[in-house]
Amino acid sequence: KAIRNKRDEEAYELLLADEELREKFYERLSAYSRTLAIALSSASFLEATPDSRLEKYKADLRFFMKLRTSIRKRYAEVVDFKEYEARIQKLVDQHVGTGEVEKITDLVNIFDADAFAKEVEKLGSTASKADTIAYRTKRTIHDRMQEDPAFYRRFSEMLEDAIRAFREKRLSDAEYLRNVTEIAEKVKNRTGDDIPKELAHRDVAKAFFGVLQKVFMAYDNDGFDPRSASTVASLTIDDIVQQNRIVNTTSTCRTG
């Protein structure tokens, strides 16, 4: 009801940034599609309903199915539509037309630079591009958090700040896009975390460094340098792990 132009897809997408609203939207779209499928299979309904009304029902399905796909991509959702996907697709193919509604496919990873850039370029508005980059990066951070909690938590907080500032209209569309693009590049290239040069090519040690430095900061005083101690400790731990690790542990145990 808050949207004046009922065919303004961008307005719907911005409104549905709210996760709870998206859940309601998915549920209601599912209910609508099921009801429409039953109605369109009823001879009495088809006879009693004017063609203009039938076309409106079908147009609504087209529009909101397309919106569902756009929302899922924009906010990097992994949603299980299997319960009703086949039923909806059959309805779309039969009454809407194959090719008019894009089928939902796996999300492109931000590390697949060319494919992701092409996907973003297809989007119409600056805000939709920014949201897609922000939420896809957010999902990457979630998936990789355990690899280096200190690094990824920092950029997760930066992303949340940027998203919040945009929603509260403290950032313009262009500023939002610029901010999240910079964050995504740093996450993708593993830069921007002020890692000591001694750890430049030691990815596992980097993860130890981030965790250790957070702990050692509590003991920061004139006689103790948390950064230096974290560097030495992270390199030492990484060396010990590398020297004692067993390759193909599972296979060794089974054959042993």
Side-chain angles (χ1 to χ4, degrees), residues 1-41 45 49 53-110 112 115-143 159 163 166-167 173 176-177 180 184:
K1 293 180 179 180
I3 296 176
R4 292 185 178 182
N5 180 356
K6 300 306 181 185
R7 283 295 181 264
D8 186 345
E9 185 175 331
E10 177 68 8
Y12 280 110
E13 290 185 16
L14 288 171
L15 180 68
L16 291 168
D18 183 283
E19 188 174 352
E20 186 175 342
L21 279 180
R22 289 203 302 276
E23 288 300 322
K24 290 181 180 179
F25 167 68
Y26 295 143
E27 291 171 4
R28 293 179 183 182
L29 177 58
S30 175
Y32 174 71
S33 63
R34 290 196 305 269
T35 304
L36 184 59
I38 294 170
L40 293 176
S41 64
F45 174 81
T49 307
R53 176 64 63 177
L54 288 173
E55 183 50 43
K56 182 183 185 306
Y57 290 147
K58 294 177 184 179
D60 284 345
L61 179 64
R62 278 194 298 269
F63 179 81
F64 288 112
M65 284 289 291
K66 184 174 182 291
L67 178 63
R68 185 188 70 157
T69 301
S70 298
I71 289 171
R72 191 229 180 200
K73 289 182 176 180
R74 182 164 182 161
Y75 298 114
E77 290 189 319
V78 177
V79 184
D80 187 4
F81 292 118
K82 291 178 182 177
E83 294 180 14
Y84 56 91
E85 186 70 49
R87 188 163 47 236
I88 292 180
Q89 195 57 52
K90 182 179 179 181
L91 175 64
V92 169
D93 293 342
Q94 185 175 351
H95 297 286
V96 175
T98 304
E100 293 188 51
V101 177
E102 182 183 355
K103 292 184 180 181
I104 291 179
T105 56
D106 291 337
L107 299 174
V108 177
N109 192 294
I110 65 169
D112 190 347
F116 186 58
K118 289 177 181 177
E119 181 178 326
V120 171
E121 193 57 36
K122 291 178 184 176
L123 301 172
S125 70
T126 300
S128 64
K129 292 178 180 180
D131 270 336
T132 299
I133 293 170
Y135 283 87
R136 207 68 60 88
T137 304
K138 187 177 177 181
R139 175 152 294 281
T140 298
I141 288 174
H142 175 271
D143 293 342
L159 267 181
I163 292 170
F166 174 67
R167 301 285 176 237
D173 293 9
Y176 180 39
L177 178 59
V180 297

Working for salt bridge (Lys or Arg N to Asp or Glu O under 4.0 Å), residues K118 and D112:
CA-CA 10 Å; K118 289 177 181 177; D112 190 347; over 6 Å; no
Check your understanding: With the threshold set at 4.0 Å, does a side-chain nitrogen-carboxylate oxygen contact exist between R74 and E13?
Key -> yes
query: Any chance the side chains of S125 and S128 put a donor and an acceptor closer than 3.5 Å?
result: yes
Side-chain heavy-atom pair T137, L159 within 4.5 angstrom cut-off: yes
side-chain contact (heavy atoms from CB on, under 4.5 Å) between L54 and L40, worked out: CA-CA 9 Å; L54 288 173; L40 293 176; 4.0 Å; yes
For A184 and I110 the tightest heavy-atom approach is O-CD1, 4.5 Å
Heavy atoms of A76 and R139 approach each other most closely as O-NE, 2.7 Å
Q) Should we count CD of E20 as having more than 12 external heavy atoms under 6.0 Å? A) no
Closest heavy-atom pair, M65 versus L29, reported as atoms and distance to 0.1 Å, is SD-CD2, 4.2 Å
Shortest non-hydrogen pair, Y75 vs L16, comes out as CE1-O, 3.8 Å
| task | Would you sort out whether E55 and R62 count as a salt bridge (Lys or Arg N to Asp or Glu O under 4.0 Å), showing the intermediate values? | result | CA-CA 10 Å; E55 183 50 43; R62 278 194 298 269; 2.6 Å; yes
Heavy-atom side-chain contact between I133 and F116 under 4.5 Å
yes
Any luck finding a side-chain donor-acceptor pair between S30 and R34 under 3.5 Å?
-> yes
Tell me whether D60 is salt-bridged to R7, with the criterion being a basic N under 4.0 Å from an acidic carboxylate O.
yes
Should we count CZ of R53 as having more than 12 external heavy atoms under 6.0 Å? no
Minimal heavy-atom distance between Y32 and Y57, with the atoms involved, is OH-O, 2.7 Å
Are there more than 12 heavy atoms of other residues, nucleotides or ligands under 6.0 Å from atom CZ of R28? no
- Is there a donor-acceptor contact under 3.5 Å linking the side chains of E9 and S70? yes
In this structure, NZ of K1 is separated from CG of L15 (nearest 0.5 Å) by 13.0 Å
Practice prompt. Take atom NZ of K122 as the centre, draw a 6.0 Å sphere, and report whether it contains more than 12 heavy atoms from other residues, nucleotides or ligands.
Written response: no
When rounded to the nearest 0.5 Å, the distance separating OG1 of T140 from CG of N109 is 5.0 Å
### Query
Taking the six-membered ring for Trp, are the ring centroids of F25 and Y12 within less than 6.0 Å of each other?
no
Review point. Do the side chain of R68 and the main chain of Y26 share a donor and acceptor less than 3.5 angstrom apart?
Key: no
In terms of heavy-atom contacts, K73 and R136 come closest through O-NH2, 2.9 Å
From the list L177, L14, V180, side chain to side chain contact (heavy atoms under 4.5 Å, CB included) with F166 holds only for L14
To the nearest 0.5 Å, atom OG1 of T69 lies from atom CZ of R72 at 8.5 Å
Rounded to the nearest 0.5 Å, the CG atom of D8 sits from the CD1 atom of I3 at a distance of 7.0 Å
Worksheet entry | Electrostatic pair R22:D18 at N-O distance under 4.0 angstrom | no
